[in-house]
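In what follows, a structure is listed as structure tokens, so that the remarks can point back to it.
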Amino acid sequence: MVDRIRDILARFPENEAAVRQLIQDSQVFDALCQQYADTDREVTKIVRTENGETSPEARILRDRRRAIEEEILTMIEGYTPV
């Protein structure tokens with residue numbers, strides 16, 4: 001579980017309690033965290049290649065990562081503890 005949310009906790013440390021609860025309560029949130037982690041790894045891998053930083057593929061992946069991040073933040077902001 002920690003691997004799936006490590007990047008999200010680093011990005012939104014002020015929302016740690018909500019992130020930890022959501023990962024347990026919501027399969028959708030869990031899947032988004034996994035997608036974010038996978039996409040982030042892909043970006044990192046491409047950027048390490050020659051001209052990877054400016055490649056169209058890196059740009060597309062960064063856009064995807066940003067969209068996933070926005071979905072995650074929306075869920076965090078809408079979370080109300082029970």
Side-chain angles (χ1 to χ4, degrees):
M1 175 182 74
V2 174
D3 288 339
R4 288 191 305 276
I5 62 172
R6 179 178 293 125
D7 296 329
I8 300 305
L9 290 175
R11 180 69 180 92
F12 304 110
E14 67 280 2
N15 296 308
E16 181 175 354
V19 169
R20 290 187 181 281
Q21 193 61 51
L22 278 164
I23 200 77
Q24 292 179 3
D25 294 348
S26 173
Q27 290 179 340
V28 171
F29 187 79
D30 184 32
L32 283 172
C33 289
Q34 186 63 55
Q35 288 176 17
Y36 184 87
D38 292 346
T39 304
D40 191 58
R41 273 192 295 278
E42 289 179 53
V43 169
T44 301
K45 189 167 96 174
I46 289 171
V47 166
R48 288 181 180 166
T49 65
E50 186 177 330
N51 298 322
E53 186 69 37
T54 58
S55 74
E57 188 176 8
R59 183 178 41 79
I60 290 167
L61 287 169
R62 279 193 206 93
D63 289 346
R64 181 188 315 162
R65 182 178 59 190
R66 195 172 11 265
I68 296 167
E69 186 177 287
E70 288 174 13
E71 287 184 65
I72 288 171
L73 184 58
T74 297
M75 289 187 77
I76 290 170
E77 289 176 342
Y79 176 71
T80 305
V82 180

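Linking Ile, Leu, Val, Met, Phe, Trp and Tyr residues whenever their side-chain heavy atoms come within less than 4.5 Å leaves Val47 and Ile60 in two separate clusters.
Shortest non-hydrogen contact noted between Leu32 and Met75 is CD1-SD, 3.6 Å.
Residues Arg11 and Ile72 are not in side-chain contact: their nearest non-hydrogen atoms beyond the backbone lie 4.5 Å or more apart. Using a 4.5 Å heavy-atom cutoff, the side chains of Leu9 and Arg20 are in contact. In this structure, the side chains of Glu71 and Tyr36 stay at 4.5 Å or more apart for every pair of heavy atoms.
Going from atom CG of Asp30 over to atom CG of Asp25 covers 11.0 Å, rounded to the nearest 0.5 Å. Atom CG in Asn15 sits 5.0 Å away from atom CD1 in Ile76 (nearest 0.5 Å). Between the CG atom of Leu73 and the CD1 atom of Ile8 there is a distance of 9.5 Å, given to the nearest 0.5 Å. One finds the OG1 atom of Thr44 at 10.0 Å from the CG atom of Leu61 (value rounded to the nearest 0.5 Å).
Just one residue in the list Arg41, Arg62, Arg59, Glu57 forms a side-chain contact (heavy atoms from CB on, under 4.5 Å) with Ile46, and that residue is Glu57.
Taking a 6.0 Å sphere around CD of Gln27, one finds it holds 12 or fewer heavy atoms contributed by other residues, nucleotides or ligands.
Checking Asp38 against Gln34 by side-chain atom types alone, a donor-acceptor pair falls below 3.5 Å.
Formation of a donor-acceptor pair under 3.5 Å by the Thr39 side chain with backbone atoms of Gln35 is found in this model.
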